[in-house]
Amino acid sequence: MGEPLWPAGVVGSISHGGRLAGAVAARTADVWSVGLDIELLEPPLEAAVERMVLRPGELARGRHLARIAFAIKECVYKCLYPGTGWRLGFHDVAVEIDPVSSHYTAEIDGPWRMGASTLGALEGRFAIWRGHVLVGLVMASADQGRGTDRSPRGRRPPRACSSASA
């Protein structure tokens, strides 16, 4: 429910938060999947929500880091779900955030697998702009260089990930 339907040969992600809305789309010939999330930075997450979102090793260590972690985990979900059908929970995704470079690394824990192996680290970018956090993730195509018009559900899992500018 609420999942956008993209034309054949296209993957995309949409998001909105506060007064901003955005969308990204790419050809499946170029990428396996994309993710985008936009969240307001204020008000801070309530303590109960923060515990639901953050894993024990991710305790917020600075202003807005809990909101940024929330947005990253939402972005990862939006990027992976169309091609995998995985219904990841917040604690299934571990994040490392570098607020200086605006880069993040996300790793999927638990039983989630891509074919015969587990999914490697995902690397993306985020930006803070006008009271919002914008998070992006691009996953390279398994068929990169050869192109494909198959839908995400019919394609092989990605072999590599790359960062996206938010």
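For reference, positions follow the sequence shown, starting with 1.
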Completion exercise
When every non-hydrogen atom of M139 is compared with those of V31, the smallest separation belongs to O-CB, 3.5 Å

Exercise for the section: Step through it carefully: locate the ring centre of Y77, locate the ring centre of F90, and say whether they are under 6.0 Å apart. Expected result: no

Problem - Point-to-point distance, once rounded to the nearest 0.5 Å, from CG of L41 to NE2 of H64 - result: 5.0 Å

Completion exercise
To the nearest 0.5 Å, atom CG of L122 lies from atom CG of L80 at 6.0 Å

Problem - Set of residues satisfying side-chain contact (heavy atoms from CB on, under 4.5 Å) with respect to C75, sequence neighbours excluded - result: D37, Y104, V135, L137

Exercise for the section: Run the numbers on V24 and V138 for side chain to side chain contact (heavy atoms under 4.5 Å, CB included), then give the verdict. Expected result: CA-CA 10 Å; V24 293; V138 175; over 6 Å; no

Practice task
Look at the side-chain heavy atoms of Ile, Leu, Val, Met, Phe, Trp and Tyr, link any pair under 4.5 Å apart, and say whether V95 and Y81 land in one connected group.
Solution key: yes

Problem - Separation of F126 CZ from L134 CG (nearest 0.5 Å) - result: 11.0 Å

Fill in the blank from the handout: Smallest heavy-atom separation, V76 atom then A106 atom, equals CG2-CB, 3.8 Å

Problem - R55 side chain to H91 backbone, donor-acceptor under 3.5 Å - result: yes

Problem - Those residues that, when tested against P4, pass side-chain contact (heavy atoms from CB on, under 4.5 Å) (two or more places apart) - result: W6, I14

Handout entry: Heavy-atom pair of closest approach, residues L40 and G17
Key = CG-C, 4.4 Å

Problem - Least distance between heavy atoms, R125 atom then S101 atom - result: NH2-O, 3.9 Å

Practice task
Please report the shortest heavy-atom distance between D92 and R87, naming the atom on each side.
Solution key: OD2-O, 4.5 Å

Exercise for the section: Grab the two heavy atoms, one from W32 and one from T84, that are nearest each other, plus how far apart they are. Expected result: CH2-CG2, 3.9 Å

Practice task
Please confirm whether the backbone N or O of E123 pairs with a side-chain atom of H103, one donor and one acceptor, at under 3.5 Å?
Solution key: no

Practice task
Treat each ILVMFWY residue as a node, draw an edge where side-chain heavy atoms are under 4.5 Å apart, and state whether L65 and I72 are in one component.
Solution key: yes

Handout entry: Value rounded to 0.5 Å, distance of CD in E46 from CZ in R51
Key = 10.0 Å

Handout entry: Whether K78 side chain and G35 backbone form a donor-acceptor pair below 3.5 Å
Key = no

Handout entry: Backbone N/O of I38 and side chain of S15: donor-acceptor pair under 3.5 Å
Key = yes

Handout entry: Pairs involving residues 64-75, ordered by first then second residue, that meet salt bridge (Lys or Arg N to Asp or Glu O under 4.0 Å) (sequence neighbours left out)
Key = E58-K73

